[in-house]
Amino acid sequence: MELLEQASEYLRTGRLVAFPTETVYGLGARADWPEAVARIFQAKNRPSFDPLIVHFPHLEQACEWAVFDPRALKLAHRFWPGPLTLVLPRLWRNGQPRIPDLVTAGLDTVGVRVPAQPMALDLLRRVGLPIAAPSANPFGYISPTTSDHVRTGLGDRVDLILDGGPCEVGVESTIVDLSTPRPRLLRPGGLAREILETELGESLEYAGFAPPVRTEAPGMMESHYAPKIPVEVFEEVHSLRERAIVLKGRCVLLSTNPLKDVPCFDGFAMGEGAAMAVSLFATLRRLDNPESRQILALLPSPVGLGLAVRDRLFRAAASRVG
Ligand code: AMP
Ligand code: MG
């Protein structure tokens, strides 16, 4: 049987399939079936108060599971398929929410998205069911941007891993909550805040890197996206250099552009704009070995995808500071 057909058969029968999206690799299970969804939480070791994003092949199908107001329709028409998740009220039928509580962590809203990755879209079209899919990594660790990352992290806890090459965006989707009168940015991601605000014609409320609000945006929990070795973040190169001197150069550097005159084992430049997001997680993984000792990262400015990269670096660092 063709691999994609096998993958969709697996999903239909409640098994787990890891698949590429343009943001990161997802760990998919049918969202309308709590027994299947439970296997995602098990495989990832993910706490059940952390809701999952539900994926569709197109807007029309998403409209059968969540309630779209004119604002939501506008954003979906403009940015789907793409790295944007909309948090919307769940749709109810016959006194039941169509998307079960286990997916939404009991919330009356559901996060929905149409990914822009040909293999993902083909798979979703074949399955014809809503697919819950968080990132395909053990909970709290760096998100996977290649199928090898998935295999290393989850191995045989997944029934099938589809390989679609490296992810084109490289950070998770931007999450916008449209269930309240004022739209809120819950998680900065692969679609820049400025572009969204222009389309909406209003600014997005954004709490920034705040203490986690458990049931609301657990993607914002501090222990996310974290390498095993310590990460420290810096707003400007002067204080980073001072720290490197104190460490006697026993550290590796992460920045958008190469840093000069900083003592270190090695330095990695992610590049700017989209390139920075694409390389962030793969670079963090490469640096995540005991020889690196410790990572010193220079934060990019909070413009465009810089906002998402800052957010992930803060969280990678926060889990160590406790
Ligand atoms: P992951 O796919 O692992 O990046 O995780 C999905 C993230 O989406 C969660 O951690 C939440 O932050 C967010 N999310 C999903 N559904 C909702 C919802 N109904 N309300 C608020 N945030 C949500
Ligand atoms: Mg995740």
Side-chain angles (χ1 to χ4, degrees), residues 16 18-29 31 37 40-41 43-56 62 65-67 72 83-91 97-113 115 120 130-145 149-150 153-154 167 169-180 183-191 204-207 209-227 277 280-281 284-285 308 311-312 315-316 319:
L16 296 183
F19 61 94
T21 81
E22 80 280 28
T23 59
V24 300
Y25 272 72
L27 181 61
V37 175
I40 293 179
F41 287 96
K44 276 182 64 85
N45 221 347
R46 181 173 170 124
S48 58
F49 56 76
D50 194 359
L52 306 175
I53 293 170
V54 183
H55 296 71
F56 299 94
W65 301 82
V67 182
L84 172 67
T85 295
L86 301 175
V87 171
L88 304 174
R90 282 192 288 186
L91 195 75
R98 294 206 78 197
I99 296 291
D101 280 346
L102 189 57
V103 172
T104 68
L107 297 171
D108 282 330
T109 54
V110 57
V112 292
R113 177 165 109 84
I131 297 299
S135 50
N137 56 320
F139 183 71
Y141 194 62
I142 305 163
S143 297
T145 52
H149 295 164
V150 180
L154 295 177
C167 299
V169 173
V171 291
E172 293 83 351
S173 58
T174 300
I175 304 180
V176 175
D177 184 359
L178 292 179
S179 69
T180 50
R184 294 188 303 159
L185 179 63
L186 294 184
R187 175 176 76 185
L191 181 63
L204 289 165
E205 238 173 72
Y206 177 45
F209 183 65
V213 183
R214 283 206 152 192
T215 53
E216 203 165 50
M220 301 183 81
M221 274 184 299
E222 289 180 10
S223 63
H224 257 71
Y225 320 110
L280 174 69
F281 288 142
L284 278 176
R285 277 173 187 264
D311 172 83
R312 306 305 187 269
R315 285 168 216 294
S319 65

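Computed from a prediction, not measured in an experiment: that's the story for all the values here. When reading the values below, keep in mind they use all heavy atoms of this one structure, side chains included, and skip hydrogens, waters and symmetry mates. Just follow the structure's listing: the first ligand is 1, and inside any ligand the first atom is 1.
The two atoms that bring Thr174 and Gly190 nearest to each other are OG1-N, 3.4 Å, heavy atoms only. Of all the heavy atoms in Ala120 and Pro20, the pair that sits closest is CB-O, 3.3 Å.
Close approach of ligand 1 to Leu107 is summarised as follows: ligand atoms under 4.0 Å from at least one heavy atom of the residue are 18 (C), 19 (N), 20 (N). Atoms of ligand 1 lying under 4.0 Å from at least one heavy atom of Ile175, given by number and element, are 7 (C), 8 (O), 13 (C). Here is the list of ligand 1 atoms found below 4.0 Å of a heavy atom in Leu186: 21 (C), 22 (N). The contact set between ligand 1 and Ser135, taken as ligand atoms under 4.0 Å from a residue heavy atom, comprises 1 (P), 2 (O), 3 (O).
Checked by distance only, ligand 1 and Thr104 stay at 3.5 Å or farther apart across all their nitrogen or oxygen atoms. Between Thr109 and ligand 1, a contact under 3.5 Å exists for at least one N or O pair.
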Original post:
Between Asp101 and Arg90, does a salt bridge (charged side-chain N to carboxylate O under 4.0 Å, His left out) hold up when you go through it step by step?
Top reply: CA-CA 10 Å; Asp101 280 346; Arg90 282 192 288 186; 2.9 Å; yes

**OP:** Kindly determine whether Glu172 and Arg315 satisfy salt bridge (charged side-chain N to carboxylate O under 4.0 Å, His left out), including the steps that lead there.
**Re:** CA-CA 14 Å; Glu172 293 83 351; Arg315 285 168 216 294; over 6 Å; no

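The Mg ion (ligand 2) does not have Asn137 among its coordinating residues (no N/O/S atom, backbone or side chain, under 2.8 Å).
When only modelled atom types and interatomic distance are considered, Thr23 and Arg113 share a side-chain donor-acceptor pair under 3.5 Å. For the 3.5 Å distance criterion, the side chains of Arg184 and Ser179 fail to qualify, holding no donor opposite an acceptor.
For atom 5 (O) of ligand 1, the nearest non-hydrogen atom from the set Arg184, Arg46, Arg113 comes from Arg46.
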